[in-house]
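What follows is a set of notes on a single structure, which appears directly below.
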Amino acid sequence: MSTENEGTAVPPAPSAPPVPVDAPAASTPQASEAGAPTTPIPPVPPHASGGAQGPELVHAGPARAYASAEGGAQQGASGAPQHPGPGPEGAWPPPQAPGTPLYADGGAGGAGGAWGSGYQQPAPKPKNGRGGLVAAVLVAALVAGGVGGGLGYTLAKDNDNGSSTTLSASDSGGSVKRDAGTVAGVAQRALPSTVTIEAESTSGEGGTGTGFVFDTQGHIVTNNHVVADAVDGGKLSATFPNGKKYDAEVVGHAQGYDVAVIKLKNAPSDLKPLTLGNSDQVAVGDSTIAIGAPFGLSNTVTTGIISAKGRPVASSDGSGSNASYMSALQTDASINPGNSGGPLLDAQGNVIGINSAIQSTSGGGLGGTSQSGSIGLGFAIPINQAKYVAKQLIQTGKPVYAKIGASVSLEDSTGGAKITTEGAGGSASVEAGGPAAKAGLKPGDVITKLDDHVIDSGPTLIGEIWTHKPGDKVKITYERGGQTHTVDLTLGARTGDS
């Protein structure tokens, strides 16, 4: 069920205190409350480590429109406010898995219309002799209070001979200096190095995401799906918290990793890159700070903890393009569409991940008019992997992927990653002379572990392989004919997304 904001409009405060009466007056029924419509939610394929079913995931952005308020209160004739009513891994691209989760897409966070119901002024209470008397007494009391106050002031003034002991209240709230280790201290240092990215295609479609300064040359790291609209001749810009806006261009993008690098045109000379941490040393329970532009609300800071590590995530934008795979850091810091590409920081302000995906609770399909909000299940690309990819993109403009040279089934499973009997387009499922062939793997083998990481499906295997670099040696555990085998394998390389 959706838990997005629901409620009723708050009635305006009365202009004067109500007059008490002895006789009870008939109450006037209030306008009926109309709850805000809940947002339906899209299903996505579960993936989890250790053989357990995982959450259904979507990418956290980009936000397709800024949040806006419509239908504000209007003044009626009486002056009272009137409120309006309511695939194989070996060859590229791997086929998209059935039910592969979609990027969060669509409108700006929910159906139109104001939350709750309008407020109706109560009917005036009937006047009678007693009510008039009470009002007169009240007026008299107010007048007497005024006179007494004036007299008191006069007496005090006359007795003031310059030796008054009256003390004025301090107008200082104490020191507002914030320690570097506090959330406020981290935010003050990190915010100037984050940007809100606007990407627009040649057809005018696009959205909002986030990025952060990677080096002093003007390179900004973000998600591939944030800038995808601007790749082929579209428009791209980056705006800093101080309001300075720069045109930008895509240097390189990696669909599989969901990482992209853009570069500012006429970049300023005083850029301060964020410090990169070590995502391998992150522990469950560590504090996290996320910065982004959820639903277009730039420079938003949220906090949480690391909820899990090595969470397998496979997502797609639903256009039939290649899926993205990662072995993610899971956090409960609030992440929403528009946070995509923003930094996930540790308590010292070091970047430990790139915010990329959230679990969706939206029932709308691709192109729907609603987006899910945060439910405390956000996922970030570990910075160790993202740093390697970003450097490759800056150097060559193309991503480099590690591979085993075998096609595996992308169907949901808890038993492992099965090598298919046939590869993409009828090719061999085990590449001749490739790493898997040299290690003795064959069609039908089921890979259950990569080093010490349990493999429960093909997407999980791909995500784990891509945390490594070409040339790395890994230990593969697989089953064949009911028996378990272990073999060492040296990962190969593939350049580009196609």
Side-chain angles (χ1 to χ4, degrees), residues 60-61 175-197 209-223 226 238-244 259 261-262 264 267-294 297-309 326 328-336 338-358 374 376 378-391:
S175 173
V176 293
K177 182 178 180 181
R178 295 171 178 85
D179 295 335
T182 63
V183 173
V186 170
Q188 285 179 344
R189 297 195 310 275
L191 275 169
S193 297
T194 62
V195 296
T196 298
I197 297 173
T210 308
F212 61 92
V213 177
F214 187 70
D215 59 28
T216 57
Q217 284 73 49
H219 291 109
I220 305 291
V221 173
T222 185
N223 282 144
V226 169
T239 304
F240 285 85
N242 61 9
K244 292 184 179 180
V259 173
V261 175
I262 67 175
L264 304 178
S269 59
D270 59 348
L271 290 175
K272 295 182 179 180
L274 290 182
T275 303
L276 305 184
N278 186 345
S279 52
D280 290 341
Q281 295 180 353
V282 170
V284 173
D286 282 351
S287 297
T288 58
I289 302 169
I291 300 179
L297 300 174
S298 301
N299 316 315
T300 295
V301 177
T302 55
T303 63
I305 62 168
I306 292 292
S307 303
K309 296 177 61 177
M326 65 176 125
L329 297 175
Q330 180 181 329
T331 180
D332 66 348
S334 182
I335 297 174
N336 288 284
N339 274 103
S340 282
L344 183 69
L345 309 170
D346 62 17
Q348 288 72 46
N350 304 310
V351 181
I352 55 175
I354 300 177
N355 301 317
S356 180
I358 57 175
S374 172
F379 303 90
I381 303 166
I383 195 59
N384 288 8
Q385 178 183 9
K387 176 173 62 175
Y388 163 74
V389 176
K391 288 181 177 179

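Computed from a prediction, not measured in an experiment: that's the story for all the values here. Start at 1 with the first residue, then count along the sequence.
Scored by the side-chain hydrogen bond (donor to acceptor under 3.5 Å, both in side chains) test, Asp332 finds no partners at all (sequence neighbours excluded). Residues meeting the side-chain hydrogen bond (donor to acceptor under 3.5 Å, both in side chains) test with Thr331, sequence neighbours left out: Thr288. Among residues two or more places apart in sequence or in another chain, the ring pair (Phe, Tyr, Trp, His ring centres under 6.0 Å) test is passed with Phe240 by Tyr246. In this structure, the side chain to side chain contact (heavy atoms under 4.5 Å, CB included) partners of Ala386, at least two apart in sequence or on a different chain, are Val259, Ile354, Ile381, Ile383. For Thr300, the side chain to side chain contact (heavy atoms under 4.5 Å, CB included) partners at least two apart in sequence or on another chain are Pro294, Leu297, Thr302.
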Ignoring hydrogens and angles, write down the donor-acceptor pairs under 3.5 Å from the side chains of residues 274-284, residues two or more places apart or on other chains.
from   : atom 1 : to     : atom 2 : distance (Å)
Asn278 : OD1    : Asp280 : N      : 3.0
Asn278 : OD1    : Asn384 : ND2    : 2.9
Ser279 : OG     : Asn384 : N      : 3.2
Ser279 : OG     : Asn384 : OD1    : 3.3
Asp280 : OD2    : Asn384 : ND2    : 3.1

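With contacts defined as side-chain heavy-atom distances shorter than 4.5 Å, the pair Leu329/Lys309 qualifies. In this structure, Ser287 and Thr303 have side chains that are not in contact, with every pair of non-hydrogen atoms separated by 4.5 Å or more. Put simply, the side chain of Ser356 reaches to within 4.5 Å of the side chain of Met326, judged on heavy atoms. Taking 4.5 Å as the limit, every side-chain heavy atom of Phe214 sits out of range of all side-chain heavy atoms of Val261. Contact check for Pro343 versus Thr194: side-chain heavy atoms found under the 4.5 Å cut-off.
Side-chain N or O atoms of Thr210 include none that pairs as donor or acceptor with a backbone N or O of Gly341 at under 3.5 Å.
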